[in-house]
Amino acid sequence: MPVPMLDLVAQNVVVKQKVVDGLSGLIDRCSFVLGENVKGLETELADYSGAKYAVGMSSGTDALLVALMALNISHGDEVILPSFTFFATGGVVARMGAKPVFVDIDPVTFNAAPKSIEAAITPRTKAIMPVHLFGQLADMPKIMEIANSKGIPVIEDACQSLGARGWGKSAGQFGQLTGCSFYPTKNLGAFGDAGATLVRDDEALAQKTRRLRVHGMEPVYVHHEVGMNGRLDEFQALVLRAKLPFLEGWHEGRRKNARWYHQRLQSISRDDLQLPLEVVPDGRHIYNQFTVRVKRGRRDEFQAHLKARGIGNSVFYPISLHQQPCFEYLGYKKGSLPETELASEEVLSLPVYPEMTEAQLEEAARAILDFFAGDSRLQNL
Ligand SMILES: Cc1ncc(COP(=O)(O)O)c(C=O)c1O
């Protein structure tokens, strides 16, 4: 039985009729951009996240970009972020003409290590962008303490982690601004590109973010800043509103599958395979990805084995940002960020989506156990 990395068909079934009916209404009303669904979604996202304001955006990338614009980040400024993240986190910094300053990660959580952030601060540092990678919060109390002591604003990249919790708070309640993505593979996914920028509590910053989303325009044809077209479609907002009531259940389904992997794979030595650990006090990892570390240089072999057994898997991310060709000008060398580089060589994400059946979980676990028991090498001879 093949086990895909993600199967959205089962999830879509529960919202399909509502979405189809809603779309019909949108067509009849000719309401396509920034209408009542976007407004409604913004209220619901603020409630859900605990941030005071939410601004619907066209993607997670634009949600991060507009956050940098709202903070006036520009040429000559430095922004600190982990190198081990999706490209967009660094791309938006460079797009503003600022310098991305990449820092190393904690090898257990894959998130930026507060000590590395502190060491990277210079008089030119204008923002810190921690990423809550794979669904688990970065060490936000320490990061906020460092940032606040220097008066540096923080933008959380919660593109994979809306709903992640820790230290009595949720993603979006730590930094001044937070970027969220609703790309279809996220725990809350649209039917296309969509995102949102959360604003923790500053009304003026929220107003500016909303204005920047429409070319800095307020009122119509008066432009205060050079903004962007970052508007969210009504259709995507409608889909997200239909899905939002299910989100808590989906997070819990992923968590249940993660626990199941832990139980089923406990006989494998941690010297061979490291399963993801939850280390955040009072925390909730939402497992946008269930990411293991394959030790002893065997990731490629393990991937080939999983492929042969029909088990979906992905490497997030094989090349970290400081090693990307477009960032060569920054001068990082191999070995500059050792934990990041090792993670790039070892990580592998396994299927964890909430609609997985017990039989699929068992199929995946069996394939994994067979590999580490050595069966696979015998079978492949
Ligand atoms: C950590 C991270 N940051 C930023 C983004 C960008 O979001 P989007 O693809 O919606 O533009 C993503 C999405 O893949 C992400 O995972």
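Indexing begins at 1, ligand by ligand and atom by atom, following the structure's order.
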* To do: Looking only at protein heavy atoms, identify the closest one to atom 15 (C) of ligand 1 and say how far it is in Å.
  => C159 CB, 3.5 Å
* Is atom OH of Y221 surrounded by more than 12 heavy atoms (other residues, nucleotides or ligands) closer than 6.0 Å? -> no
* To do: Could you tell me whether the side chains of N313 and Q303 share a donor-acceptor contact shorter than 3.5 Å?
  => yes
* Structure fact -> atom 11 (O) of ligand 1 sits nearest the protein heavy atom T61 OG1, 2.5 Å
* To do: Return the residue, atom name and 0.1 Å-rounded distance of the protein heavy atom closest to atom 13 (C) of ligand 1.
  => K186 NZ, 3.0 Å
* Asked: Would you say W250 and Y48 are hydrophobically clustered, going by side-chain heavy atoms of ILVMFWY under 4.5 Å?
  -> yes
* Quick one: does T197's side chain get under 4.5 Å of L177's, heavy atoms only? -> yes
* Using a heavy-atom cut-off of under 4.0 Å, does the side chain or the backbone of T85 touch ligand 1, or both, or neither? -> side chain
* Asked: After noting the C-alpha distance and the side-chain angles of E278 and R284, does the key distance pass the salt bridge (charged side-chain N to carboxylate O under 4.0 Å, His left out) rule?
  -> CA-CA 8 Å; E278 297 185 21; R284 180 170 73 162; over 6 Å; no
* Heavy atoms from other residues, nucleotides or ligands near CD of E145 exceed 12 (cutoff 6.0 Å) -> no
* Asked: What are the atoms of ligand 1, with element, lying closer than 4.0 Å to any heavy atom of S181?
  -> 7 (O), 8 (P), 10 (O)
* **Flag if over 12 foreign heavy atoms under 6.0 Å of NZ, K142** => no
* Of all the non-hydrogen atoms in the protein, which one sits nearest to atom 1 (C) of ligand 1, and at what distance? -> D157 OD2, 3.4 Å
* Which of the ligand 1 atoms, numbered from 1, are nearer than 4.0 Å to a heavy atom of T89 -> 3 (N)
* Please say whether Q160 places an N or O atom under 3.5 Å from an N or O atom belonging to ligand 1. => yes
* **Polar contact flag for F86 and ligand 1 (N/O pairs, less than 3.5 Å)** => no
